Chemist: 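The structure under discussion is supplied below as structure tokens; questions concerning it will follow.
To find a chain, count down the sequence lines: A is the first, B the second, and so on, and within it residues start at 1. Note that the structure is a prediction, hence the values are computed from the model and not measured. Hydrogens, waters and symmetry mates are skipped; everything else that's a heavy atom, side chains included, is used.
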Amino acid sequence: MSVLIFAELADGSIRKNSQEAIFYGAKVASQTGGSATVLAIGEASEAELAKAGNFGATQVLYVKKEENIMAYAKILTEVVKSTGSTVVVAARSALSDAVLARAAGALKAGFAGNVTALPDTSAGFTVTRSIFSGKAFAQTTITSDIRLLAIKKNVIDVTAGSDTAPVETLSIDTSAEDGSAKILSVEKATGAVSLPEADIVVSGGRGMKGPEHWQPLLDLAEALGAATACSKPVSDLDWRPHHEHVGQTGVKVAPNLYIACGISGAIQHLAGVNSSKVIVVINKDPEAPFFKAADYGIVGDVFEVLPKLTAAVKAL
Amino acid sequence: MKILVCISSVPDTTSRIAFEEGNTRFAKAGIQYIIGPYDDYALARAVELKEANGGSVTVLNVGKADAEPQIRKALAIGADDAVRIDTEPADSYSVAAEIAAYARDKGFDLILMGRETTDYNSGVVHGIVGEMLGMPSFSPVMELNVEGSKVLIAKEIEGGKEKLETSLPVVLGCQEPIAEWKIPSMRGIMGARTKPLAVIAPSAEALTDVRSYELPPAKGAVKMIPAEDAGSLIKLLQTEAKVL
Ligand SMILES: Cc1cc2nc3c(=O)[nH]c(=O)nc-3n(C[C@H](O)[C@H](O)[C@H](O)COP(=O)(O)OP(=O)(O)OC[C@H]3O[C@@H](n4cnc5c(N)ncnc54)[C@H](O)[C@@H]3O)c2cc1C
Ligand SMILES: Nc1ncnc2c1ncn2[C@@H]1O[C@H](COP(=O)(O)O)[C@@H](O)[C@H]1O
């Protein structure tokens, strides 16, 4: 099968979650005896794009273009047609979801989101996807000729090689789509580790007592190179920015390690974090429901426990 | 302004998830269904926009008759009329195709949906509908203002937010804090009983098919570490869990 991977670019290179998507796409290609082509749209140097080869891509098609969902979807649709691709893979994200969705409409292609494992192609094309915010899985067969897959983050273990892939720059006419939206401003947390892509997340709840008490949590996050997150009430109270809030109505994270500090573990919170590989819960209440979802637990006061953890990390 | 709000009917988020018939069906017994939590935000903003600018709000659900309590609730919250496309929602593509087929020649200015359903979490129906109707689509939208034909939105991007300007007609997937959820008033509930609810026959075909469901493996017991010895956790994370 000819596989096309839609890779996202950030700060001039291929995003980590997109590297997972490329690795996944390359595996599907080798499993079915096909090619793995990457489509990257945005701003990046040829040297950075060629690194798609590290993850198994055999070719990179590049379109230099500012972000516009409608134009990106048009480009993806055109490239699926011109390459004759029958499988399209992307990492799940707000941008990819929007682009894949429009491509699904244009190509009459079946879509499976939150895919967690390689497809079974022995009879048809069946993937496993996570549903109910990680509380179950559905084996889903896609019956259309073209299949679109959004891969859940951090479920694919990537092993990078040193091969590079040839890069070809394309130009595709998107004049009909270009005027559909005008970006007025972008507010982005700078410097800090990106929450959706972080390997480690340190998260605080109402048990942190107030924004002025966040320093011990920030210290641990810094020592671990972790991103910071929070529960919904914390962002509702403006103790922390809205884009840090995880859960059913917030960001869904799936890091290797999630450390919850003073969070009770309400079901709506768990919905955003239960795909984490290892969960540590620190709570002074031994009955806190979060302990049931935890791998490691400490019953204690966050303000006493956090400095001990930070010191232990620094001593490693 | 003519607004269409698409609502899903989903298990309450505290529901126990289980499957039956050899893991081929979701076990519905005892499950409380609700309007999709994100769809509720879309509905609330639609009602606010109607109250501010005039116009109408039509609510649409692709589903069987068991979704009617959720549709009536949307009418009680402030939608003027409702449409139910009478089929079990099978997948994103077919739900989108039903919505697009209905909306195509109705002249809606705004089509509002939730960012995603809380059962299948796909987050794509709005984009597919946008493409099918030749309208721009954006998601997840956290702020929405309409000035004439100009539409100003703020949407979430990885690690931040982006403000952009587009124009009517447009399809949007919504999330908080776009509006506060609305609770139906007694008057709203009474009025909802007599508001029109049209039932339409389906026309689309699904492109995917769920073979079976499974639950994740049970979580092992939590390992407790005494608070005095908190630092020892870090060693365990390194040597036992191997995440550091
Ligand atoms: C539809 C809906 C959607 C929602 N979506 C989300 C969502 O996306 N994300 C989300 O997080 N929530 C969400 N919620 C809210 C959720 O139900 C909980 O109310 C919320 O997660 C609780 O936040 P919390 O754990 O920070 O606060 P609390 O429940 O108040 O818990 C604070 C915890 O801190 C502990 N504590 C206090 N002091 C200390 C101390 N000194 N040391 C250690 N521990 C201490 C307490 O024992 C307690 O367990 C949603 C709710 C609804 C109804
Ligand atoms: N069965 C349905 N009927 C009406 N609208 C729906 C239905 N399913 C999904 N939607 C809408 O599409 C949005 C995105 O759904 P999804 O792409 O399935 O995650 C939801 O938040 C709803 O607004």
Side-chain angles (χ1 to χ4, degrees), chain A residues 69-70 93-94 97-98 100-102 104-106 110-114 126 131-133 135-144 180-189 194-196 243 248-249 256-257 267-268 277-278 291 293-300 304-305 308-309 311-313 316, chain B residues 13-14 17 37 91-93 96 118-124 126-132 136-140 155-166 175-177 207-216 219-220 222-225 227 230-231 233-238 241 243-244:
Chain A
I69 304 282
M70 276 49 73
S93 78
D97 287 355
L100 287 189
R102 295 193 69 100
F111 170 85
N114 288 311
T126 303
I131 59 171
F132 287 107
S133 301
K135 284 186 278 186
F137 297 93
Q139 300 287 343
T140 306
T141 300
I142 307 182
T143 51
S144 51
S180 54
K182 189 165 87 198
I183 296 180
L184 304 175
S185 68
V186 177
E187 274 172 47
K188 236 181 173 161
S194 148
L195 175 58
H243 60 76
Q248 183 201 306
T249 52
N256 293 329
L257 175 60
I267 191 144
Q268 296 89 354
K277 294 207 169 128
V278 172
F291 285 118
D295 299 282
Y296 296 94
I298 299 180
V299 175
E304 283 163 25
V305 172
K308 286 189 187 152
L309 297 182
V313 172
L316 278 182
Chain B
T13 47
T14 57
I17 306 301
D91 73 350
S92 313
Y93 187 89
T118 49
D119 48 6
Y120 287 95
N121 314 114
S122 299
V124 290
H126 22 75
I128 304 177
V129 169
E131 179 68 29
M132 287 173 166
S137 56
F138 299 95
S139 177
K155 79 178 170 77
E156 190 180 280
I157 52 171
E158 308 268 294
K161 80 176 170 186
E162 182 178 274
K163 292 198 170 170
L164 48 85
E165 182 185 322
T166 181
Q175 72 169 30
E176 57 126 50
L207 302 179
T208 65
D209 174 25
V210 175
R211 290 290 172 84
S212 65
Y213 296 96
E214 62 195 293
L215 294 171
K219 190 113 193 162
V222 51
K223 191 166 199 167
M224 300 304 292
I225 288 120
L233 170 70
I234 300 300
K235 264 268 148 352
L236 288 174
L237 292 175
Q238 190 181 36
V243 288
L244 292 185

Chemist: Could you report the tightest heavy-atom contact between A/Lys135 and B/Leu215, atom names first, then the distance?
Modeler: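 Here A/Lys135 and B/Leu215 meet closest at O-CD2, 3.6 Å.
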Chemist: Taking the side chain as every heavy atom from C-beta outward, state whether A/His243 and B/Ile157 have any atom pair closer than 4.5 Å.
Modeler: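 No, side chains not in contact.
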Chemist: With sequence neighbours excluded, tell me which residues meet side-chain contact (heavy atoms from CB on, under 4.5 Å) with A/Ala312.
Modeler: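 Here the qualifying residues are B/Ile234.
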Chemist: So which heavy atom on A/Thr126 is nearest to which on B/Arg211, and how close?
Modeler: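 Looking at all heavy atoms of both residues, the shortest contact is OG1-NH1, 4.4 Å.
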Chemist: In terms of heavy-atom pairs under 4.5 Å, which option from A/Ala112, A/Ala181, A/Ala94 contacts chain B the most?
Modeler: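 Looking at each option in turn, the highest pair count goes to A/Ala181.
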Chemist: Checking A/Ala311 against chain B: side chain, backbone, both or neither under 4.5 Å from a heavy atom?
Modeler: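 The answer is neither part of A/Ala311.
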Chemist: Taking every non-hydrogen pair under 4.5 Å, which of A/Ile183, A/Asn114, A/Val186, A/Val305 racks up the most with chain B?
Modeler: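 Among the listed options, the one with the most contacts to chain B is A/Ile183.
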Chemist: Out of A/Gly110, A/Gly113, A/Ala98, A/Gly300, which one racks up the most heavy-atom pairs below 4.5 Å with chain B?
Modeler: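 The candidate making the most pairs under 4.5 Å is A/Gly110.
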Chemist: Any idea which heavy atoms bring B/Ala227 and A/Ile298 closest together, and the distance?
Modeler: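 That closest heavy-atom pairing would be CA-CG2, 3.7 Å.
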Chemist: Please classify the contact of A/Ile131 with chain B as side chain, backbone, both or neither, using a heavy-atom distance under 4.5 Å.
Modeler: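 The answer is both parts of A/Ile131.
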Chemist: Which answer fits B/Leu244, side chain, backbone, both or neither, if we ask what part of it has an atom under 4.5 Å from a heavy atom of chain A?
Modeler: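 The side chain, not the backbone.
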Chemist: Any non-hydrogen side-chain atom of A/Ser133 less than 4.5 Å from a side-chain atom of B/Asn121?
Modeler: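 Yes; the side chains approach each other to less than 4.5 Å.
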Chemist: Please classify the contact of A/Leu316 with chain B as side chain, backbone, both or neither, using a heavy-atom distance under 4.5 Å.
Modeler: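 Side chain only.
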Chemist: Quick one: closest heavy-atom pair of A/Ala101 and B/Gly127, and the distance?
Modeler: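 Where A/Ala101 meets B/Gly127 most closely, the heavy atoms are CB-CA, 3.7 Å.
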Chemist: Need one label for B/Lys161: side chain, backbone, both or neither, based on atoms under 4.5 Å from any heavy atom in chain A.
Modeler: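 The answer is both parts of B/Lys161.
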Chemist: Shorter than 4.5 Å, heavy atoms on both sides: which option in A/Lys277, A/Gln268, A/Gln248, A/Glu304 has the most such pairs with chain B?
Modeler: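 Top option by heavy-atom pairs under 4.5 Å: A/Gln248.
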Chemist: Is it the backbone or the side chain of B/Pro37 that comes under 4.5 Å from a heavy atom of chain A, or both, or neither?
Modeler: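 The side chain, not the backbone.
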Chemist: So for B/Ala96, is it side chain, backbone, both, or neither that comes closer than 4.5 Å to the heavy atoms of chain A?
Modeler: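 No part of B/Ala96 comes within 4.5 Å of chain A.
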Chemist: Given heavy-atom pairs under 4.5 angstrom as the criterion, report whether the side chain, backbone, both or neither of B/Glu165 touches chain A.
Modeler: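 For B/Glu165, backbone and side chain are both near chain A.
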Chemist: Over all heavy atoms of both residues, which pair between A/Gln139 and B/Glu214 is shortest? Give the atoms and the distance, please.
Modeler: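 So the two residues come closest at NE2-OE2, 2.9 Å.
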Chemist: Does any backbone or side-chain atom of B/Asp91 lie under 4.5 Å from a heavy atom of chain A? Answer side chain, backbone, both or neither.
Modeler: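 Neither part, no heavy atoms under 4.5 Å.
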